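Keep in mind it's a predicted model, so treat the numbers as computed, not measured. Proteins come first, then strands; the chains are lettered A, B, ... in the order of their sequence lines, and each starts at number 1. Scope of the values below: all heavy atoms of this structure, side chains included, with no hydrogens, waters or symmetry mates.
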There are 2 protein chains.
Amino acid sequence: MQNSFTEENYLKIIHALSGRDGVEVSTNALAESTSTRAASVTDMLRKLADKGLIHYKKYQGVTLTDSGEKVAIKVIRKHRLWEVFLVEKLGFGWDEVHDIAEELEHIPSEVLVEKLDAFLGHPKFDPHGDPIPDAKGNLTEPDYLILTDVHVGEKVLMMGVLDHAPSFLQHLDRSGITLGSVLEVREINEYDKSASVQINGGPTLFISLEVSKNLLVQRR
Amino acid sequence: MQNSFTEENYLKIIHALSGRDGVEVSTNALAESTSTRAASVTDMLRKLADKGLIHYKKYQGVTLTDSGEKVAIKVIRKHRLWEVFLVEKLGFGWDEVHDIAEELEHIPSEVLVEKLDAFLGHPKFDPHGDPIPDAKGNLTEPDYLILTDVHVGEKVLMMGVLDHAPSFLQHLDRSGITLGSVLEVREINEYDKSASVQINGGPTLFISLEVSKNLLVQRR
DNA sequence: TAAAAAATTTAGACTAACCTAAAAATATAT
DNA sequence: ATATATTTTTAGGTTAGTCTAAATTTTTTA
Ligand SMILES: [Mn+2]
Ligand SMILES: [Mn+2]
Ligand SMILES: [Mn+2]
Ligand SMILES: [Mn+2]
């Protein structure tokens, strides 16, 4: 039996909310993420449990089964590969591709995914720095720091974003911050935790805590 | 209001069955093409008529309105552009792409289509020789001949196929007949109308009437 | 041109995915 | 340890798209 568009979305969202430690996901959290009501979520959870895709005990929240995890990772692989295609081949901005990839990720056909992957040169990361699962379903989350964890004087590489909202990505564009940028923290304001950060050895910018919390970086 | 996946399919099929002269399409023909029952078609026709996408009078068959035609042509444009992408960029065979394009054709986003079109170099024909509507919705069907209309001694160019079935396309592959092949009709068998056809000045093959009827060609 | 056949529509149901409102279970706070 | 608040589930409905069976209209045949 094939999984529906909707079922795939639930699995993907459970995967995201469950995190690497596979913590239980609540009905309300899913209602929020799927933009539906808790009652609708309960209906779907019963269905996904019947299909063996999630572990579900009433009132106890859900986690993915191995089978559900597999499906979720396939969808994530497709989503991220299509995002690479849209940015690298079609010339979209990284702020424009998420919604289109939300649709493309549900196109079936294993062979399509593998040919796309080859066409793109087997990329390891998507345009937002998120890792792309391999064909076998291995997904390894690199352990990046958040910019707020970086001390004054340290130089780090910008590796990804936590917030994928177009407005946030556009803000980074205007600040000249892209994947691979070198960020040196020059000063941290005691009062509001805003930071002065030098970008690629060039201009120094003020970065609010709100922005710092969403920047994934790596020591060099 | 957006049109659903299903509505788009109905419009596309009505367009195909209605032909260039815009003849009425019957409920049964649509049931056949959509692999549904006549009663289901009637339901959908009422809906499409309510949305102003088709002309529908009970028992009289349907035709597209200008508005419905526009939608149908957009879907056809997307279908054929994606087929070009799959063959030219991903390396699929022309016999493998139709079903995948059936899914991709429903991905929304005008800008995606236009960027894809540009990426592909604004192709005029899809891998089966079918013309690709332009961004404004102009679709001009070239008036090709069918191979059965070609007389002995004539040389023609292979320009397209009427049957898109994988088995037919694979048969052409095995015969060495592709878009652009030069076909010279050497002999036509009186009894079964099979033809001896020389391919690209090379080997001469027997071609059954069944095959001839599905080959679109052009005099040079 | 009336009867028979074929095509089409209507009537009544079903499933997937959603909803609101009410009931039940769990968690929190006095 | 209750009472209150929060979360989750259940009950009962809706819509889109499908179905079968029956009724109706159109077409064909005699
Ligand atoms: Mn995304
Ligand atoms: Mn991404
Ligand atoms: Mn096709
Ligand atoms: Mn085609």
Original post:
Does the ring centre of A:His98 sit less than 6.0 Å away from the ring centre of A:His79?
Top reply: yes
**OP:** Take atom CG of A:Asp50 and atom P of C:dT15, then tell me their distance rounded to the nearest Å.
**Re:** 14 Å
Original post:
D:dT8 phosphate, OP1 or OP2: any side-chain N/O from A:Asn28 under 4.0 angstrom?
Top reply: yes
Original post:
Name the one of A:Asp126, A:Asp134, A:Asp117, A:Asp130 that satisfies salt bridge (Lys or Arg N to Asp or Glu O under 4.0 Å) with A:Arg77?
Top reply: A:Asp117
Original post:
Got more than 12 heavy atoms from elsewhere within 6.0 Å of CD, B:Gln218?
Top reply: yes
**OP:** Please name all residues satisfying side chain to side chain contact (heavy atoms under 4.5 Å, CB included) with A:Arg174, sequence neighbours left out, ordered by chain then number.
**Re:** A:Gln170, A:His171
**OP:** Would you kindly give the CG-to-P distance between B:Leu48 and C:dT9, to the nearest whole Å?
**Re:** 13 Å
Original post:
So, is A:Thr42 near the phosphate of D:dT10, with a side-chain N or O under 4.0 Å from OP1 or OP2?
Top reply: no
Subject >> Gap between atoms NZ and C1', on B:Lys57 and C:dA7 respectively (whole Å) >> reply: 18 Å
Original post:
So which of A:Lys74, A:Lys12, A:Arg80 actually passes salt bridge (Lys or Arg N to Asp or Glu O under 4.0 Å) with A:Glu105?
Top reply: A:Lys12
**OP:** Remember a base hit wins even if backbone is also touched, and classify A:Phe5 as base, sugar-phosphate or nothing at under 4.0 Å, heavy atoms.
**Re:** nothing
**OP:** Produce a footprint string for nucleotides 19-25 of chain C: one letter per nucleotide, 5' end first; B if the base is under 4.0 Å from any protein heavy atom, S if only the sugar-phosphate is, - if neither.
**Re:** BBB--BS
**OP:** May I have the distance from B:Glu24 (atom CD) to C:dT8 (atom C1'), rounded to whole angstrom?
**Re:** 15 Å
Original post:
How close or far is atom P of D:dT7 from atom CD of A:Glu32, stated in whole angstroms?
Top reply: 12 Å
**OP:** Please state whether the phosphate of D:dA16, meaning OP1 or OP2, lies under 4.0 angstrom from any side-chain nitrogen or oxygen of B:Ser4.
**Re:** no
**OP:** Examine A:Lys89 relative to B:Phe85 and say whether NZ or CZ is less than 6.0 Å from the centre of the six-membered ring and inside a 45° cone about the ring axis.
**Re:** no
**OP:** Take atom CZ of A:Arg46 and atom C1' of C:dA16, then tell me their distance rounded to the nearest Å.
**Re:** 12 Å
Original post:
Can you check the A:Asn9 CG to C:dA16 P distance for me, whole Å?
Top reply: 17 Å
Original post:
Separation of A:Asn3 atom CG from C:dT15 atom P, in whole Å?
Top reply: 19 Å
Subject >> Within 6.0 angstrom of A:Phe5 CZ, more than 12 heavy atoms from elsewhere >> reply: yes
